[in-house]
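What follows is a single structure, written as structure tokens, with notes after it.
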Amino acid sequence: MSYDFNIIEARWQKYWAEKNTFKAENNSDKPKYYVLDMFPYPSGAGLHVGHPLGYIASDIYARYKRHKGFNVLHPQGYDSFGLPAEQYAIQTGQHPAITTKENIARYREQLDKIGFSFDWSREVKTSDPNFYKWTQWIFIELFNSWYDKDADKARAIDDLETVFTSEGNAKVNAVCDENITPFTAGDWNSFSSKEKQEVLLKYRLTYLAETEVNWCPQLGTVLANDEIVNGVSERGGYPVIRKKMTQWSMRISAYAERLLQGLETIDWTDSLKESQRNWIGKSVGASVTFAINEHDEIIEVFTTRPDTIFGATFMTLAPEHELVAKITTPEQKADVEAYIEATAKRSERERMADVKTISGVFTGAYAEHPFTKKPVPIWIGDYVLAGYGTGAVMAVPCGDQRDYDFAKYFAAKPSMPAITNIFEGVDISEEAFADKEKTIIANSDFLNGLNYKKATKTAIYELEKLGQGQGKTNYRLRDAVFSRQRYWGEPFPVYYVDGMPQMIDVAHLPLALPEVEKYLPTETGEPPLGRADVWAWDAQKNEVVSNDKIDHKTVFPLELNTMPGWAGSSWYPFRYMDAGNDAEFASAEAMQYWQNVDLYIGGNEHATGHLLYSRFWTKFLKDRAYLTVDEPFKKLINQGMILGTSAIVYRISGSNTYVSKGLKDQYETEELRVDVSLINNSDELNVDALRKWQPQFNDADFELEDGKYIVGREVEKMSKRWFNVVNPDGICEQYGADSLRLYEMFLGPLEQAKPWNTAGITGVHSFLKKLWKLYHDGETFGVTDTEPTKNDLKTLHKTIKKVEEDIENFSFNTSVSTFMIAVNELTAQKCTSRAILESLIVLISPYAPHIAEELWCKLGHKESISTAAFPVFEEKHLVESTKQYPISFNGKMRFTMELSLDLSKDEIEEAVMAHEKTQEQLAGREPKKVIVVPGKIVNVVG
RNA sequence: GCUGAAGUGGUGGAAUUGGUAGACACGUUGGACUUAAAAUCCAAUGGCCUGUAAGGCCGUGCGGGUUCAAGUCCCGCCUUCAGUACCA
């Protein structure tokens, strides 16, 4: 009876689906365990072999935890809003919902073939109105909240209104807009409704603001910072420019400190935590204000080095700084304007690429040093960024290399003072001295002789006395822009009365996407929803009505933007806990039971996007008492990317002749990538197949070496455009899903990037065949009730121990080897014992579930193997009466001695010395001592 | 520049965390079975030295060090990959 994996796999996949084998219950006597994959975006290209890597790993873990007696939640769904479906809609006119539905069907079919133990009854799709209803609901909750710094949490906006009504905003300590004007209770009560709304909007956790955004003209939308790579859009690689627009923003900055602190409580890799720390970018220092001579204005700067304030010889403002125009003197006006114009012309990208060139110009104005009262010239320079801190710095050339370079560059100008050295015993003739730890301040009045720490404290104290500064912590993390000028996203549950945003009552959600004729922006530049005929809100009937009914009395215009891709993915883990719930995003009981995700597996491209935003929303929902957990993902593992191995042919320039790799250096050639399926395992190209593959190769000539055409290989990201995509379906057909699962794990450590190479799959495939043979005696099932031998038990328990350790450490690659060794040993030992083989197949079942179910069934079990308990490791089967001890002299001579295990340290020493060979080896030497490490190693020092 | 990860045979990768480096697999070579191929099975496979065997020497990016003992620990370099960047 041969191993017919196609029949076996189809049988058990059908069985699991029909019996709902992996359906998780929301209550159980068993302990809970929640294993989650980052849900995929269902793209038109389908799955390639890289996608399932993480899913296989999490599936192994989920199946293992079930064997270990846990109630496991292991769901899957789709992040189904997004750009590709919309772009496809723009090109073809097909509604993105249809595209998405087709893609999801294809994904599901591919996923099912790999035999995952997903609980599909909990499937979610972010583009499903029953799902995005709750995304809209969370948006409304954010709108109805403000951040109370005193309580250090988000609170209901109603609380804030109550405070305003009774005492104004003087005592309110909130995270809000910078430019809030103080008002009393009396002021508040006399405000018009619109004025009140305007004030409240500045406090809300999601707010409308005129913000400078990253606008991508080609994509016709704004992008978040993490959607831009090297100054161009992550998707498509189009240029991005800065533009002012009124947009919804999320006040994630309110959570900066908690997002930072929370990292200490979760089990993520150091590199990922570090990325988030950098992104949040906390820096502790002081804010200092400088008075400007002959002006009423003041300049506020942020510095991490208030201790160096006596070294501040000039100030630099960003060219975009609002004071530049006001303070520039008439003599300098022409220079300054020319400079600003020149910097504005340079794109963000050019500015980033070119950090070496120093440029700047003097404004003609002077500020007053807070302590020395000396005039400090004010310059502008593009090394100061408008977007960070206050867009102005006090320049301390002796302590900061950029200030130093700037000062040196302009040293010849009379308006650039000489560099003052405020460090004791330090030479600054070549470069600035930035080492805080070694700093002793000099030349600085009351700070002389102090170290960095003390000087900082003293400087802040003195600044506070003057009313010109205070300690301040600055974060790089900016509020997140939440509007997209797109069709295929969640509509905002927002309509506008007199220009002020109003939330649609929760009872009338979801606000579903309207139909549009085209998916492009309107001729007037409005987002695609501007094309919808039925897109107005009747506030009396609480329903969507036709645009021509807008009367601004009872029918109002609806928001035209949609939410960004990260909206739905920021909270979906909680929806799985109670996916069908119509009344709440998930019931309190379900969330109380499942808490948060115990293990989250996905790619590391979401380090600063999805993983930060979902932590933010989780913390917010906890503040408002909808959740009891503070972090969504307790443990996180980033699986490495599986790379493609592209195949390259070499065309002689200007001809249709292709030369084999070994001959290419004799010609001037161009590289062309061809489909990897045309290449065999020894890099040889199937020339006939290539001719058929694309018309351009129909009548091509090929120059061979040794009768073969050898292609060049290049390891790069798997992508349709490189023709290097390998998809799992073919593998499943040829070798089976169990082979695919084992092989993906066998490729190497989970977290490491690695190229796909189908060649090695025969190894794991023949392992499965051997496994099958182990349970069969020729044509019959060969398991017997014979007693296991000592060796059989040893093999089994060795395997249990190793596999258990491997799974707990996520070293799935090494346990595949362990299985191979076990099967080889048991085959050699001619093991047919039921006791052994039954345990073995449970060990293997998380990795290769189909063959495991089949053999389990043949062993006479009626229930799925997933209900079987994981075999218990027993040390006694590994214990031997003797042990081999390697013995070395000065690390040179080596031999092994077999000694009884129960010998004491002294007895071992004696045995070693008495040993004939030892005497031989030691001949002519006087051993000083024998080192015995009990149970481990014996060393003799001669 | 900074941060993080890594560097082991022809290849992917093991190595109980300081204890016989190269498990397991691919590939290669030889053999068995076949008319043949595929499949399967067996054997060899880090390099070098000695006619063979026995044996020896060298070997974990490079150079030092600690230790009876280093792929593993310490110091100094080199290289690769990933993230990030004028953050005051």
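The chains referred to below are lettered A, B, ... by the order of the sequence lines, with proteins before strands, and numbering in each begins at 1. In this text the structure is predicted, and so the values were computed from the model without any measurement.
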Check your understanding: Aromatic rings A/Y3 and A/H765: how do their planes relate, parallel, tilted or perpendicular, breaks at 30° and 60°?
Key -> tilted

Exercise for review: Please identify each residue that fulfils salt bridge (charged side-chain N to carboxylate O under 4.0 Å, His left out) with A/K798, with sequence neighbours left out.
Suggested key: A/E825

Point to revise | Pairs meeting criterion salt bridge (Lys or Arg N to Asp or Glu O under 4.0 Å) with involvement of residues 806-820 of chain A, two or more places apart | key: A/K802-A/D806

Review point. For B/U17, is chi within 90° of 0 (syn) or not (anti)?
Key: syn

Review point. Taking only residues at least two apart or on different chains, which pairs with a member in residues 761-775 of chain A satisfy salt bridge (Lys or Arg N to Asp or Glu O under 4.0 Å)?
Key: none

Review point. Please give, in whole Å, the distance from B/A5 C1' to A/L272 CG?
Key: 13 Å

Check your understanding: Just to confirm, is there a sub-4.0 Å distance from OP1 or OP2 of B/A88 to any side-chain nitrogen or oxygen of A/S283?
Key -> yes

Review point. Among B/A85, B/U3, B/A25, which nucleotide sits nearest the side chain of A/E274?
Key: B/U3

Point to revise | Contacts of A/F310 that satisfy ring pair (Phe, Tyr, Trp, His ring centres under 6.0 Å) - sequence neighbours left out | key: A/H369, A/F371, A/F446

N/O contacts under 3.5 Å, protein versus nucleotides 7-15 of chain B?
| residue | atom | partner | partner atom | Å |
| --- | --- | --- | --- | --- |
| B/G12 | O2' | A/L747 | O | 2.6 |
| B/G13 | OP1 | A/Q752 | NE2 | 2.6 |
| B/G13 | O3' | A/N813 | ND2 | 3.4 |
| B/A14 | OP1 | A/N813 | ND2 | 2.9 |

Check your understanding: Which glycosidic conformation, syn or anti, is assigned to B/G64 if syn requires a torsion within 90° of zero?
Key -> anti

Study note, to complete from the structure: Whichever of A/I821 and A/T390 has the more 5' nearest nucleotide on RNA chain B, that residue is A/I821

Practice item. Nearest whole angstrom, please: distance from the P of B/G27 to the CD1 of A/I761. Key: 12 Å

Review point. Could you state the OH-C1' distance from A/Y383 to B/A88, rounded to the nearest angstrom?
Key: 8 Å

Check your understanding: With A/D400, which residues qualify under salt bridge (charged side-chain N to carboxylate O under 4.0 Å, His left out), at least two apart?
Key -> A/R402

**Study point:** Test salt bridge (charged side-chain N to carboxylate O under 4.0 Å, His left out) applied to A/R476 - qualifying residues, sequence neighbours left out
**Key:** none

Point to revise | Nucleotide B/C24, atom P - distance to NZ of A/K798 in whole Å | key: 11 Å

Practice item. Could you tell me whether the phosphate oxygens of B/C87, OP1 or OP2, come under 4.0 Å of any side-chain nitrogen or oxygen in A/R402? Key: yes

At a cut-off of 3.5 Å, list every protein nitrogen or oxygen paired with a nitrogen or oxygen from nucleotides 37-40 of chain B, distance to 0.1 Å.
| residue | atom | partner | partner atom | Å |
| --- | --- | --- | --- | --- |
| B/U40 | OP1 | A/K769 | NZ | 3.4 |

Check your understanding: So what does A/N474 hit on the nucleic acid, given a heavy-atom distance under 4.0 Å: a base, only sugar-phosphate, or nothing?
Key -> nothing

Point to revise | All pairs passing side chain to side chain donor-acceptor pair (under 3.5 Å) where residues 745-755 of chain A contributes a residue, at least two apart | key: none

Study note, to complete from the structure: In A/I821, A/L796, A/T795, the residue satisfying side chain to side chain contact (heavy atoms under 4.5 Å, CB included) with A/L826 is A/T795

**Study point:** Contacts of A/F302 that satisfy ring pair (Phe, Tyr, Trp, His ring centres under 6.0 Å) - sequence neighbours left out
**Key:** none

Point to revise | Validation row: A/T308, A/M394 side chains within 4.5 angstrom (heavy atoms) | key: yes

Exercise for review: Just need the stems in RNA chain B: three or more back-to-back Watson-Crick or G-U pairs, each with both distances under 3.5 angstrom, sorted by first number.
Suggested key: B:1-7 with B:78-84, B:10-12 with B:24-26, B:27-32 with B:40-45, B:46-49 with B:55-58, B:61-65 with B:73-77

Practice item. Take atom CZ of A/R277 and atom P of B/A85, then tell me their distance rounded to the nearest Å. Key: 18 Å

Point to revise | Under the salt bridge (charged side-chain N to carboxylate O under 4.0 Å, His left out) test, residues paired with A/D479 that sit two or more places apart | key: none

Check your understanding: Within this structure, what is the CG-to-C1' distance between A/N604 and B/A82, rounded to whole angstrom?
Key -> 8 Å

